[in-house]
Chemist: 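Okay, here's the structure, questions in a sec.
All values below come from the heavy atoms of this structure, side chains included, with hydrogens, waters and symmetry mates left out.
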Amino acid sequence: MENKKTYNLNPEQLKAATHLDGPLLILAGAGSGKTRVLTSRIAWLIEEKGIAPWNIMAITFTNKAAREMKERVERMVGTWPEAVHVATFHSTCVRILRRDIDKIGYNKNFDIYDSDDSKSLMKDICRQMEIDTKIHKEKMFLARISHFKDELIDPAECREAAIEMADQEEIRIADVYQEYQRRLKRCNALDFDDLICLTVRLFREHRDVLEHYQERWKYLMVDEYQDTNKAQFVFISLLAQKWRNLCVVGDDDQSIYRFRGADIGNILNFEEIFPETEVIRLEQNYRSTQNILDAANSVIANNTGRKRKHLWTDRGQGDEVLVKRFYDGREEARYIVDDIARQKRQGTYAYKDSAVLYRTNAQSRGIEEQLLYENIPYTIIGGTNFYARREVKDILAYLRIISNSSDDIAVKRIINVPKRGIGQTSIARVDDYAHAHGMSFYDVARMADKVPGIGRGGLKIREFVHLIEEMKKTAAACVPSELIKTVLERTGYEAELKLEGTDEAKDRLENLGELLNKAASYESSFSSSGSDPSFGSGVEAQEQKPTLQGFLEEVSLVAEIDSFDGEEDRTVLMTIHSAKGLEFPNVYISGMDEGLFPSYQSTMSDDPADMEEERRLCYVGITRAMNRLTLTGANMRMLRGQMQWYEESRFLEELPKSREKSSPKKSLSSAYGSAPAAGSPARRKKTVPKPFLLKTESAPVSSADLGYEVGDTVRHVKFGMGIVQEIRDGGRDKEVTVDFETYGTKKMFAGFAKLKKAD
């Protein structure tokens, strides 16, 4: 391969990019140029080995990464870029299901439910099943169902296991899971987890469908493989079964989504599953300076469940990593914001070059207030997603009904938006009738006058149905942007906002204008190609045009991070989870306090994997920095209205000891004076235990108040049944140790655990 065609790859990158047949595991350290390797490999397969573009598939986790990869392939190859399938897992599975989902008993014209839609559906189910949501939260049911789907466990298997355990709580969850799936199917809808697990089911039950895609995609590449769950692993394994040309790229040290079902074992055990695997390590980093990499290497070396890698760079040592500790959170926020302003004044870094990262979203408040005070422009990643805003969801709900009137959640959302005199009582009567007769809400709405007790509300509902039917006729003859305009006008939605005339209403109108822009952008993407640009197709090319279903599908698969471009001169605030895949010249990681980062839950956990995941998260945060990294913490912070003391994070102790020797800033800021920084041999001894409240307004909880004691059997809403092993005084609250039947021993505060003594 010529260097000009691989952008001067280093020897290990070149070796990976020119691998032809058989499984390949690329262990790509942070900032090691994995995207360049993948795109170079695609170009090499096409230009040097004559592989048809439509025989190549590359799977990513974000639309942003897919776009970047497509653009690079186009620059390198010049022709046929749209024929290479580069997309996310979910986008890929949607296209497969659109083609063949009817073979497993579903309608091809399905909607895709987001988390809000799923929660609304679950709320309906809990109401109809008479489940007290103060005790059993909708989110708990949804989380368990998501886990089952990640593990490819269907409702029947779930219930069978629960009955075998004779666990009434698990039987209840299995029943809710079964009803949830039944209702989804009745609404002609899938949730995000269904997209993967139903595709796996389709492949397993219909060999001809699997063989079709095995013949189409003979060379498979998967990015961020460490983030895959079981369902995604099985999906990819089935596709690779015939040709075994599977190239996976990932970094086990950046596996930080276990809470979403990601299984680090997929990458750690890849060579056992595919014994003929060739392993290539990419350890040269092109992003960060050596001091930053030394900090990352030193921290992550404390993990045991990992494959060996050691990042290095030829960019030079760079600035020392700064560690700053403050009296309280306000002083910490003030320092970070003042430093961002100082870097801007000195011309060192623009606002957009600086990012403030933290463990949880709640930590952003103090920094945001200080940025506002200093009049520094900023963007928060992790706020309200554009497509989750009320007015946008309202209009999308109208579009969903026009496309698929079986969608009960969409119908109930806007049946009285704008207000048309349809009350909650009428809606509930229609809903109950639909549930009792196994009909969709919209089908009952068509005959609303026959619903017992509906009264005059039935007439209003029939008027709503007439409006939707009229807009359905319009939809057949226009593109999505024109239909949105029709909906805004015919429903009176736009007129009502204009009449309101407030600043909030103007903002909402601007958001609707942006939705129109998105629709126009979607339509223009078809102008240069006769085939669906999101699927790519050489052998399956067919004339297509922008459709309502296609537009709804595209917006349903957008993540907030996909729209982040970093062009505006604004400081960025986000969690470390959100920052994965991004890089910034100047990075601050705030809240480096024991019990905050690492989290309190991980410090209390008996499972070493919890702390290892926290350490990987720290590693990810550190490696976002290109030139300058500052780690900050505070002795005291406000937590739930009370001041709490923190000692510094254990991760600071794991930083290289040698970094202090040449550092011009060794001291830690504190109201009590200065002390050597973390990692220094002269560092002060710890005299303060893990986070505790400095003062409290409420009296301590006694064992008598708990309603149970050592030896009692108790029930926890998540962990199920367990036996109390120990009750200790934890200051403000009692610390209870429980040995659970399924989840093992857990330590928790009584006030948060809400344990109930079992009968």
Side-chain angles (χ1 to χ4, degrees), residues 9-38 40-42 44-45 56-61 89 150-152 196 200 203 214 217-258 260-285 296-297 300-312 608-609 612-613 615-616 619-620:
L9 300 178
N10 68 39
E12 291 304 301
Q13 289 176 327
L14 185 62
K15 186 179 177 183
T18 55
H19 175 93
L20 181 59
D21 295 324
L24 172 65
L25 170 60
I26 303 175
L27 293 171
S32 60
K34 63 183 177 64
T35 304
R36 185 192 305 178
V37 171
L38 285 175
S40 297
R41 184 165 188 261
I42 292 171
W44 181 77
L45 287 171
I56 301 170
M57 177 177 78
I59 294 290
T60 70
F61 268 84
F89 274 102
D150 286 346
E151 294 295 314
L152 298 174
I196 310 292
V200 170
F203 282 172
Q214 286 176 335
W217 295 319
K218 298 180 180 180
Y219 289 86
L220 312 179
M221 284 168 267
V222 184
D223 195 9
E224 304 287 5
Y225 190 68
Q226 76 280 350
D227 293 334
T228 54
N229 58 32
K230 179 178 178 179
Q232 291 162 337
F233 162 75
V234 173
F235 167 71
I236 287 296
S237 298
L238 286 169
L239 283 175
Q241 207 172 57
K242 182 173 185 178
W243 304 101
R244 300 183 76 78
N245 295 326
L246 174 60
C247 166
V248 300
V249 185
D251 181 4
D252 50 298
D253 290 335
Q254 295 187 73
S255 179
I256 59 173
Y257 295 115
R258 192 160 70 115
R260 292 183 187 168
D263 184 357
I264 193 173
N266 288 346
I267 191 167
L268 293 179
N269 302 324
F270 189 80
E271 296 154 85
E272 296 176 19
I273 300 164
F274 297 93
E276 68 273 39
T277 296
E278 180 174 359
V279 181
I280 299 174
R281 286 175 167 80
L282 304 182
E283 298 174 299
Q284 182 175 359
N285 178 284
N297 287 328
I300 202 63
N302 291 277
N303 272 5
T304 56
R306 64 185 294 260
K307 291 181 177 288
R308 181 195 55 78
K309 289 182 296 300
H310 189 83
L311 298 180
W312 62 275
E612 296 223 340
E613 176 122 341
R615 190 172 283 111
R616 292 194 294 269
Y619 172 86
V620 167

Chemist: Apply side chain to side chain donor-acceptor pair (under 3.5 Å) to N285 and list each qualifying residue two or more places apart in sequence or on a separate chain.
Modeler: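 With sequence neighbours excluded, N285 shows a side chain to side chain donor-acceptor pair (under 3.5 Å) to no residue whatsoever.
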
Chemist: Can you list the residues that meet the side chain to side chain contact (heavy atoms under 4.5 Å, CB included) rule with A28, with sequence neighbours excluded?
Modeler: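 Expected list: I26, S32, K34, V249, L282.
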
Chemist: For R260, give me all partners under side chain to side chain contact (heavy atoms under 4.5 Å, CB included), at least two apart in sequence or on another chain.
Modeler: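 Here the qualifying residues are Y257.
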
Chemist: To the closest 0.5 Å, what do you measure between OG1 (T35) and CG (D223)?
Modeler: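 Those atoms lie 5.5 Å apart.
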
Chemist: Under the side chain to side chain donor-acceptor pair (under 3.5 Å) test, which residues partner D263, sequence neighbours left out?
Modeler: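 Applying side chain to side chain donor-acceptor pair (under 3.5 Å) to D263 gives none.
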
Chemist: Hey, is the main chain of L238 close enough, under 3.5 Å, to the side chain of Q214 for a donor-acceptor pair?
Modeler: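 Yes: the side chain of Q214 pairs with the backbone of L238.
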
Chemist: Nearest 0.5 Å, what's the CG-CG distance between L20 and N245?
Modeler: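 The CG atom of N245 is 7.0 Å from CG of L20, to the nearest 0.5 Å.
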
Chemist: Give every residue pair that meets the salt bridge (Lys or Arg N to Asp or Glu O under 4.0 Å) criterion with at least one member in residues 15-25, sequence neighbours excluded.
Modeler: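 Salt bridge (Lys or Arg N to Asp or Glu O under 4.0 Å) check on residues 15-25 returns K15-E278.
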
Chemist: To the nearest 0.5 Å, what is the distance between CD1 on I59 and CD on E224?
Modeler: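 I59 atom CD1 to E224 atom CD measures 13.0 Å (nearest 0.5 Å).
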
Chemist: In Å, rounded to the nearest 0.5 Å, how long is the span from CG of L45 to SG of C247?
Modeler: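 Going from CG on L45 over to SG on C247, the span is 9.0 Å.
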
Chemist: Going through the checks in order, is the salt bridge (charged side-chain N to carboxylate O under 4.0 Å, His left out) test met by R615 and E612?
Modeler: CA-CA 5 Å; R615 190 172 283 111; E612 296 223 340; 5.1 Å; no

Chemist: Can you name the side chain to side chain donor-acceptor pair (under 3.5 Å) partners of T228, sequence neighbours left out?
Modeler: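 T228 satisfies side chain to side chain donor-acceptor pair (under 3.5 Å) with N266 once adjacent residues are dropped.
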
Chemist: Of all residues at least two apart in sequence or in a different chain, which pass the side chain to side chain contact (heavy atoms under 4.5 Å, CB included) check with E272?
Modeler: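 E272 satisfies side chain to side chain contact (heavy atoms under 4.5 Å, CB included) with N269 once adjacent residues are dropped.
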
Chemist: Mind checking side chain to side chain contact (heavy atoms under 4.5 Å, CB included) for A231 and listing every partner two or more places apart, or none if nothing turns up?
Modeler: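 Side chain to side chain contact (heavy atoms under 4.5 Å, CB included) list for A231, sorted by chain: L152, I196, N229.
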
Chemist: What closest approach, in Å, do A296 and Y619 show between heavy atoms, and which atom pair accounts for it?
Modeler: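 Result for this residue pair: O-CD1, 3.5 Å.
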
Chemist: If the condition is salt bridge (Lys or Arg N to Asp or Glu O under 4.0 Å), which residues does E271 pass it with, not counting sequence neighbours?
Modeler: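 E271: salt bridge (Lys or Arg N to Asp or Glu O under 4.0 Å) contacts with K307.
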
Chemist: State the NE2-CD distance between H310 and E283, to the nearest 0.5 angstrom.
Modeler: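 CD of E283 is found 8.5 Å from NE2 of H310.
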
Chemist: To check you understand the geometry: which heavy-atom pair defines the closest contact between G261 and D150, and what is its length?
Modeler: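 Where G261 meets D150 most closely, the heavy atoms are CA-OD2, 3.8 Å.
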
Chemist: Which ring pair (Phe, Tyr, Trp, His ring centres under 6.0 Å) pairs, counting each pair once, include a residue from residues 220-253, with sequence neighbours left out?
Modeler: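 Output for this query lists F203-F235, Y225-F270.
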
Chemist: Does a side-chain heavy-atom distance below 4.5 Å link V222 with F89?
Modeler: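 They are in side-chain contact.
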
Chemist: Would you name the heavy atoms of L9 and A17 that are closest together and state the gap between them?
Modeler: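 Here L9 and A17 meet closest at CD1-CB, 3.7 Å.
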
Chemist: Answer yes or no: is there a side-chain heavy-atom contact under 4.5 Å between L24 and M221?
Modeler: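 When only atoms from C-beta onward are counted, M221 and L24 do not touch, as no gap falls below 4.5 Å.
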
Chemist: For R616 and Q254, which heavy atoms make the closest approach, and how far apart are they?
Modeler: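 Shortest heavy-atom contact: CD-N, 4.5 Å.
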
Chemist: So which atom in D253 and which in V620 form the shortest heavy-atom distance, rounded to 0.1 Å?
Modeler: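 Smallest interatomic distance, heavy atoms only, reads O-CG2, 4.5 Å.
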
Chemist: Mind listing the closest non-hydrogen atom pair of N10 and Q13 along with its distance?
Modeler: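 Closest approach of N10 to Q13, heavy atoms only: OD1-N, 2.8 Å.
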
Chemist: Could you check if a side-chain atom of I300 sits within less than 4.5 angstrom of a side-chain atom of K309, using non-hydrogen atoms only?
Modeler: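 Counting from C-beta outward, I300 and K309 never come under 4.5 Å.
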
Chemist: Going by the rule ring-ring contact (aromatic ring centres under 6.0 Å, His included), which residues pair with Y219 if we only count those two or more places apart in sequence or in a different chain?
Modeler: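 None.
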
Chemist: Should E613 and I264 count as side-chain neighbours, where that means a heavy-atom distance under 4.5 Å?
Modeler: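 Answer no - side chains too far apart.
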
Chemist: Using only atom types and a distance under 3.5 Å, with no angle test, would you say the side chain of R306 pairs donor to acceptor with the backbone of D252?
Modeler: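 Side chain of R306 to backbone of D252, a donor-acceptor pair under 3.5 Å: no, none is there.
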
Chemist: So how far is it from Q284 CD to E12 CD, rounded to the nearest 0.5 Å?
Modeler: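 Going from CD on Q284 over to CD on E12, the span is 10.5 Å.
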
Chemist: Per the salt bridge (Lys or Arg N to Asp or Glu O under 4.0 Å) rule, what does the pair list look like for residues 229-250, sequence neighbours excluded?
Modeler: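 Qualifying pairs: E215-K242, R244-E276.
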
Chemist: Hey, does I280 have a side-chain heavy atom less than 4.5 Å from the side chain of L27?
Modeler: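 Sidechains of I280 and L27: no contact.
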
